[in-house]
*Asks:* 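I am attaching a structure below and will ask some questions about it afterwards.
A note on names: the letters A, B, ... follow the listed sequences, proteins ahead of strands, and every chain is numbered from 1.
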Amino acid sequence: MKSCATHHLTDEELNLLENNSVTVLFKKGEPIIKQNALSLNVAYLRCGMAKIHLQGPTREKILRVVKAPTFLGLPTSFGEKINQFSVSAINNAEVCFIDLSTFRNLIFSNGKFAYELILELCRNELNDYFRYASLAQKQIPGLVAETLLCFSEKLFNKTDFTMPLTRSEMGDLIGTSRESVSRVLSEMTQDKIIKFDSNQISILNIEALKKISEKG
DNA sequence: GCATTAACCACAG
DNA sequence: CTGTGGTTAATGC
């Protein structure tokens with residue numbers, strides 16, 4: 001499983017990468033990167049999904065939910081010896097840990113590789129900007145709708161999927177209480193916009209969901 | 001004032 | 001872990 005960035009590596013560089021990395025399997029819920037722990041690696045998620053989260057001033061905050069293939073923890077791997085946030089497996093995951101100095105040397109020596117990394121970081125940052133605006137200005141139904149659409153369109157590419165987060169985690173993701181998430185989901189079910197049995201979610205009326213997301 | 005929104009608490013599956 | 005109901009505080013019209 002290669003990323004866009006690793007396509008730009010030569011065979012020699014790929015060998016270097018493989019010889020200085022190790023693959024580890026994680027089960028659902030297990031921590032991959034721990035906030036406040038020392039790290040000398042870059043992590044690359046080969047399979048599965050993960051949540052990027054940290055301990056906020058008052059409670060847990062989920063920053064993003066990502067799926068393979070993607071690098072994990074790049075914002076904290078350079079310039080910081082101590083991890084500034086955590087990453088945990090959402091379902092079973094396969095992660096490749098790459099020696100940081102080896103990785104750094106590849107950035108120095110291969111501009112195209114570095115450029116692809118910058119592209120990914122930019123895409124992520126831009127995406128976060130839009131999310132900040134939503135979080136600050138949308139009401140909870142709009143945020144829940146946005147989250148469901150995001151999971152459906154970006155993570156699963158289906159209108160029918162298993163929500164891997166608990167209600168409480170969804171609350172931590174959009175900055176609200178688990179109760180509010182439950183209530184909004186119940187209301188959307190009553191209005192026949194979605195359907196769910198435990199965590200199996202089906203989007204029945206995507207137009208209505210988009211409208212709720214837009215109107216906030 | 002009155003309505004809306006959403007948090008916090010409590011209790012039951 | 002979830003869903004619901006009661007209560008309360010803040011904000012808007």
Side-chain angles (χ1 to χ4, degrees), chain A residues 24-37 45 47-68 72 83 85-95 127-216:
Chain A
V24 182
L25 297 177
F26 291 91
K27 295 199 181 90
K28 180 183 172 69
E30 287 184 331
I32 298 170
I33 294 174
K34 285 185 195 164
Q35 185 176 3
N36 299 324
L45 183 65
C47 307
M49 291 172 65
K51 63 172 179 178
I52 296 170
H53 57 113
L54 56 72
Q55 193 58 47
T58 55
R59 50 197 166 81
E60 180 77 5
K61 169 71 185 165
I62 296 181
L63 301 163
R64 296 203 287 127
V65 175
V66 299
K67 68 167 181 178
L72 299 173
N83 293 322
F85 55 82
S86 299
V87 181
S88 301
I90 280 177
N91 38 36
N92 290 346
E94 187 179 329
V95 179
N127 189 53
D128 284 344
Y129 288 168
F130 285 112
R131 285 200 344 107
Y132 297 152
S134 289
L135 285 172
Q137 297 178 2
K138 284 185 184 178
Q139 293 177 356
I140 293 168
L143 293 170
V144 171
E146 180 177 296
T147 303
L148 291 177
L149 287 170
C150 175
F151 272 74
S152 166
E153 293 170 356
K154 298 192 178 160
L155 261 26
F156 293 102
N157 302 312
K158 289 181 203 161
T159 55
D160 221 307
F161 58 90
T162 303
M163 169 51 70
L165 302 180
T166 65
R167 299 299 131 94
S168 179
E169 286 174 317
M170 291 174 70
D172 291 338
L173 178 61
I174 65 180
T176 188
S177 63
R178 62 167 191 85
E179 291 99 321
S180 293
V181 173
S182 276
R183 252 178 272 255
V184 169
L185 289 177
S186 295
E187 284 165 14
M188 286 177 172
T189 303
Q190 281 169 25
D191 295 341
K192 304 248 189 300
I193 294 169
I194 59 168
K195 186 178 69 160
F196 67 90
D197 306 310
S198 67
N199 279 330
Q200 299 288 327
I201 293 191
S202 307
I203 295 177
L204 303 176
N205 187 344
I206 195 162
E207 293 309 319
L209 202 57
K210 282 180 179 170
K211 192 155 279 178
I212 293 170
S213 175
E214 284 163 19
K215 303 278 179 184

*Asks:* Taking Thr189(A) for the side chain and Lys195(A) for the main chain, is one N or O donor matched with an acceptor at less than 3.5 Å?
*Replies:*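 Not a single qualifying donor-acceptor pair exists.
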
*Asks:* Any sub-3.5 Å donor-acceptor pair from Lys61(A)'s side-chain atoms to Leu173(A)'s backbone N or O?
*Replies:*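 Answer holds: yes.
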
*Asks:* Examine distances only and state if a side-chain atom of Asn92(A) and a backbone atom of Lys27(A) form a donor-acceptor pair shorter than 3.5 Å.
*Replies:*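 The answer is no, because no donor-acceptor pair under 3.5 Å joins these two groups.
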
*Asks:* Hey, is the main chain of Asp197(A) close enough, under 3.5 Å, to the side chain of Gln200(A) for a donor-acceptor pair?
*Replies:*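 Such a contact is absent between Gln200(A) side chain and Asp197(A) backbone.
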
*Asks:* Quick one: does any side-chain atom of Glu169(A) pair with a main-chain N or O of Thr166(A) as donor and acceptor, under 3.5 Å?
*Replies:*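 Yes, the answer is positive, given that a donor and an acceptor are paired below the 3.5 Å cut-off.
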
*Asks:* I need a per-nucleotide contact map over nucleotides 7-13 of chain B, read 5' to 3'. Cutoff is protein heavy atoms under 4.0 Å; write B for the base, S for backbone only, - otherwise.
*Replies:* SBBB---

*Asks:* Just the rounded figure in Å: distance from C1' of dG5(C) to CD of Glu187(A).
*Replies:*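 Atom CD in Glu187(A) sits about 13 Å away from atom C1' in dG5(C).
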
*Asks:* Output yes when a side-chain donor or acceptor of Asn83(A) lies under 3.5 Å from a complementary backbone atom of Lys34(A), and no otherwise.
*Replies:*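 Answer holds: yes.
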
*Asks:* Listing time: all N or O pairs from protein to nucleotides 10-13 of chain C that are below 3.5 Å?
*Replies:*
none

*Asks:* Does Ser182(A) have a side-chain nitrogen or oxygen under 4.0 Å from the phosphate oxygens OP1 or OP2 of dT4(C)?
*Replies:*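 So the side-chain polar atoms of Ser182(A) never come under 4.0 Å of the phosphate oxygens OP1 or OP2 of dT4(C).
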
*Asks:* CG of Asp197(A) versus P of dG3(C): gap in Å, rounded?
*Replies:*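 It is 11 Å, rounded to the nearest whole Å.
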
*Asks:* Mind calculating the distance between NZ (Lys138(A)) and P (dT4(B)) to the nearest angstrom?
*Replies:*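 It works out to 23 Å between those atoms.
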
*Asks:* Return the value, rounded to whole Å, for the distance between atom CG of Leu185(A) and atom P of dG3(C).
*Replies:*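 For the pair Leu185(A) CG and dG3(C) P, the rounded distance is 7 Å.
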
*Asks:* Keeping the roles fixed (side chain from Ser86(A), backbone from Gln35(A)), state whether a donor-acceptor pair exists under 3.5 Å.
*Replies:*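 Between the backbone of Gln35(A) and the side chain of Ser86(A) there is a qualifying donor-acceptor contact (under 3.5 Å).
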
*Asks:* Return the CG to CD distance between Leu25(A) and Glu94(A), rounded to the nearest 0.5 Å.
*Replies:*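 It is 5.5 Å, given to the nearest 0.5 Å.
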
